[in-house]
Amino acid sequence: MDKLSVAQARKVESVGKKVLLRGWVRTRRDSKGGFSFIELNDGSCFGNVQVVADGSLPNYQNDVLRLSVGSSVAIEGEVLASPAKGQATEVKATSLRVYGDADPATYPMQKKGHSMEFLREQAHLRPRTNTFGAVTRVRSQISRSIHEFFSEQGFFYIHAPIITASDCEGAGQMFRVTALDMAKPPRNGAGEIDYSRDFFGRGTYLTVSGQLEAETYATALGKVYTFGPTFRAENSNTSRHLAEFWMIEPEMAFYELPDNMDLAEAFLKRVFRDALEKCPEDMAFFNERIEKTAISTLQGIVDSQFVRLPYTEAVDILTKSGQTFEFPVKWGIDLQSEHERFLTEKHFKCPVILYDYPRGIKAFYMRLNEDGRTVRAMDVLVPRVGEIIGGSQREERLDVLTERMQEQHLSPEAYWWYLDLRRFGTVPHSGFGLGLERTVQFVTGIGNIRDVIPFPRVPGSADF
RNA sequence: UCCGCGAUAGCUCAACGGUAGAGCAGCCGGCUGUUAACCGGCGGGUUGUAGGUUCAAAUCCUACUCGCGGAGCCA
């Protein structure tokens with residue numbers, strides 16, 4: 001008696017084995033001949049295994065005929081080649097034991113399709129659906145591919161802190177972390193809350209980026225990456241934003257911007273290729289039910305070269321495109337979603353890496369170009385999702401970096417340790433940030449970012 | 001946060017000033033291996049919340065809550 005997963009039991013190699021399967025009933029069909037078909041799923045793969053439960057089972061009347069969607073069972077039996085179409089194998093049950101019923105009158109999950117909005121309200125049960133099982137397996141595979149890719153490229157995995165004292169990283173609103181009693185917090189002379197008497201002796205926040213910390217390790221170990229949760233308290237209500245999401249941030253010493261682009265392109269291709277090769281059943285489902293171009297888009301990207309285009313030329317293309325945009329394009333402004341979408345979806349029809357942005361619209365740490373007007377920033381744009389990667393070559397010159405900080409009203413004293421990296425043994429270096437959820441969205445074709453993370457945190461909602 | 005749209009049975013929706021309906025699911029029955037099984041029957045509702053207009057409100061008006069699409073911000 002082998003304990004098999006449903007994935008194993010569905011393979012022809014398992015025919016003839018006596019097996020034990022455990023899982024959840026997806027549906028039951030009763031035959032005219034006094035026996036039943038049970039579709040069993042245990043999450044190990046997209047498909048179910050068909051179990052044939054004969055009327056001669058001692059508990060056929062009492063248990064089998066009462067099985068409903070969501071019931072949990074243990075089934076002993078033999079794997080047979082299926083005589084009917086639709087599946088290679090089936091399991092002829094010799095015994096069936098019910099772990100737990102799922103009362104069909106009250107169990108929210110039904111056999112038919114539910115809306116994504118309804119499933120979001122049932123976030124604890126939605127992993128039992130085809131869609132969320134598939135999303136979960138693909139998300140897991142993507143995470144694994146990321147670690148494998150960086151490991152093979154000689155990167156070290158760095159755990160950046162989640163609690164940070166930098167309140168001025170400039171990457172959006174931060175969540176405050178405090179152990180003070182907010183009902184009666186200590187006050188200073190000015191009547192403000194005195195965070196110097198808080199747990200850490202100063203105000204602290206949840207991280208909005210591990211980049212600055214990653215730079216400290218890149219300038220010692222060469223190539224590093226972070227992969228962890230990130231928090232933004234922005235009141236963003238869109239299908240592309242979460243208050244808590246997972247970000248991947250590689251940071252590489254001795255990499256200049258073209259090296260950074262090479263890495264970003266190879267990285268995305270590897271992740272997409274793995275999804276296609278290692279999750280074919282799940283991807284076929286997304287392609288059929290969620291996004292008709294999911295597979296062809298990914299395959300196209302794996303096989304093609306990303307377009308690399310300076311911001312200035314992108315502005316040229318947009319102004320000469322003949323398209324009317326809600327926001328007119330002009331050199332010096334940040335590109336809008338509609339502009340980015342036009343470039344990647346209509347003009348080039350492939351991923352586009354835009355680089356050398358105006359200094360005024362990008363972060364202080366991005367390296368200033370010789371022209372004095374642009375910085376070595378890069379954004380990777382993909383169809384449907386837009387910006388999936390944002391990165392840059394970092395400013396390694398102490399004087400220029402200090403100047404740029406003052407330009408953006410940041411205090412160099414607060415960043416003393418970051419500036420030390422430029423004071424002592426400074427090197428050219430680069431890095432980028434990739435949103436895991438946006439990557440999962442892009443791969444699966446799922447429209448709303450709240451449906452590619454198990455328990456989404458967004459303004460007004462932190463359920464489950 | 002801004003603009004627009006929406007909320008009706010467990011789920012997906014219809015009814016658009018005059019007694020709230022259908023499909024699916026559920027329950028009961030039928031059906032010689034089924035594939036979102038099929039066929040027949042039955043039950044199922046304070047129409048998101050709170051006010052207002054009207055002889056009469058799911059329907060018109062106001063506020064609020066939540067959801068969706070888009071924008072901003074970004075990953």
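All chains are named by letter (A, B, ...) in the order of the sequence lines, taking the proteins before the strands, and each is independently numbered beginning at 1. Predicted model only: the values in this text are computed from it and were never measured. Below, each value reflects all heavy atoms present in this structure, side chains not excepted, and no hydrogens, waters or symmetry copies.
- Distances from the side chain of S461(A) to the nucleotides G67(B), A75(B), U34(B) place G67(B) closest.
- Side-chain polar atoms of Y418(A) and E215(A) form a donor-acceptor pair below 3.5 angstrom.
- In the interface, the side chain of E90(A) is paired with the base of G33(B) through a donor and an acceptor atom under 3.5 Å apart.
- Judged by distance alone, with hydrogens and angles left aside, S236(A) brings a side-chain donor or acceptor within reach of the base of C73(B), the pair sitting under 3.5 Å.
- Using P as the reference atom, G48(B) and C13(B) are 14 Å apart when rounded to the nearest Å.
- Applying the 4.0 Å criterion to OP1 and OP2 of C27(B), one finds that R66(A) has every side-chain N and O outside that range.
- The shortest distance between the side-chain N/O atoms of T27(A) and the OP1/OP2 oxygens of A37(B) is below 4.0 Å.
- In this model, the phosphate group of U34(B) is not approached by any side-chain N or O of S31(A) to a distance below 4.0 Å at OP1 or OP2.
- Between A37(B) and R29(A), a contact under 4.0 Å exists linking OP1 or OP2 to a side-chain N or O.
- Summarising the geometry, the separation between CD on E117(A) and C1' on G10(B) is reported as 17 Å, rounded to the nearest angstrom.
- If you take atom C1' in C16(B) and the same atom in A75(B), they sit 44 Å apart, rounded to whole Å.
- For E234(A) and A71(B), the CD to P distance is 16 Å, given to the nearest whole Å.
- The partner of G18(B) is C55(B), by the rule that a Watson-Crick or G-U pair needs both atom distances under 3.5 Å.
- Remark: Q336(A) CD to D334(A) CG distance equals 7.5 Å, nearest 0.5 Å.
- With hydrogens and angles left out, the side-chain atoms of E90(A) and S82(A) include a donor and acceptor closer than 3.5 Å.
- The gap from the C1' atom of A71(B) to that of A15(B) amounts to 35 Å, rounded to the nearest Å.
- Pairing for G33(B) is absent, judged as Watson-Crick or G-U wobble with the two contacts each under 3.5 Å.
- Taking atom CD of E244(A) as the reference point, atom P of C74(B) lies 21 Å away to the nearest angstrom.
- For the OP1/OP2 pair of A75(B) and a distance below 4.0 Å, the side-chain nitrogens and oxygens of T439(A) include no atom meeting the criterion.
- When the nucleotides U35(B), C74(B), G33(B) are ranked by their closest atom to the side chain of A84(A), U35(B) comes out on top.
- For the pair F118(A) CZ and U12(B) P, the interatomic distance rounds to 7 Å; values are reported in whole Å.
- Between the side chain of H114(A) and the base of C11(B), no donor-acceptor pair under 3.5 Å is found.
- Under the Watson-Crick or G-U wobble criterion, with both distances below 3.5 Å, C66(B) is paired with G6(B).
- Distances shorter than 4.0 Å separate some side-chain N or O of S115(A) from OP1 or OP2 on U12(B).
- At the heavy-atom level, R450(A) lies under 4.0 Å from the strands shown only through sugar-phosphate atoms.
- Among the protein residues, P83(A) comes within range of the nucleic acid bases, having at least one heavy atom under 4.0 Å from a base atom.
- When the C1' atom is used for both U12(B) and U65(B), the distance is 23 Å, rounded to whole Å.
- With rounding to the nearest 0.5 Å, the separation of CZ in F286(A) from NZ in K292(A) is 15.5 Å.
- Side-chain to base pairing of R438(A) with C74(B): one donor and one acceptor N or O lie within less than 3.5 Å of each other.
- Side chain Q110(A) to base G10(B): a donor-acceptor pair is found below 3.5 Å.
- Here the shortest heavy-atom pairing between R126(A) and I453(A) reads NH2-O, 2.9 Å.
- Separation of the C1' atoms belonging to U54(B) and G18(B) is 12 Å when rounded to the nearest angstrom.
- Here the P atom of nucleotide A25(B) and the CG atom of L125(A) are 20 Å apart, to the nearest Å.
- Residue contacts for F35(A): at a heavy-atom cut-off of 4.0 Å it reaches a base atom on one of the strands shown.
- Note on ring orientation: taking the six-membered ring where Trp is involved, the planes of F464(A) and H124(A) are parallel (angle under 30°, cut-offs 30° and 60°).
- Ring geometry for F342(A) versus F325(A): interplanar angle over 60°, hence perpendicular rather than tilted (30 to 60°).
- Of the residues I38(A), V6(A), V49(A), the one that meets the side-chain contact (heavy atoms from CB on, under 4.5 Å) test with V91(A) is V49(A).
- The 5' end of RNA chain B is approached more closely, in terms of each residue's nearest nucleotide, by P104(A) than by the other of P104(A) and G390(A).
- Q87(A) comes within 4.0 angstrom of a nucleotide base, judged by non-hydrogen atoms across all strands.
- Between the CD1 atom of I38(A) and the C1' atom of U35(B) there is a distance of 14 Å, given to the nearest Å.
- The base of U34(B) lies close enough to the side chain of Q50(A) for a donor and an acceptor atom to sit less than 3.5 Å apart.
- Only the C1' atoms considered, C60(B) is 16 Å distant from C55(B), to the nearest whole Å.
- A donor-acceptor pair shorter than 3.5 Å cannot be found between the side chains of E78(A) and T94(A).
- The P atoms of C38(B) and U46(B) are separated by 30 Å, rounded to the nearest whole Å.
- Using Watson-Crick or G-U wobble geometry with both donor-acceptor distances under 3.5 Å, U46(B) finds no partner in any strand shown.
- The side-chain ring of F37(A) is not stacked on the base of G33(B), judged by centre separation under 5.5 angstrom and plane angle under 30 degrees.
- Taking the C1' atoms as reference points, U19(B) lies 15 Å from U59(B), given to the whole Å.
- Here the C1' atom of nucleotide C73(B) and the CG atom of L242(A) are 14 Å apart, to the nearest Å.
- For the pair K85(A) and E340(A), nearest-nucleotide mapping onto RNA chain B gives the more 5' position to K85(A).
- Rounded to whole angstrom, the span from the CG atom of N237(A) across to the P atom of G70(B) amounts to 13 Å.
- At the phosphate of G69(B), neither OP1 nor OP2 sits under 4.0 Å from any side-chain N or O atom of S239(A).
- Using N1 to N3 plus N6-O4 or O6-N4 for Watson-Crick, or N1-O2 and O6-N3 for G-U wobble, each under 3.5 Å, A71(B) pairs with U1(B).
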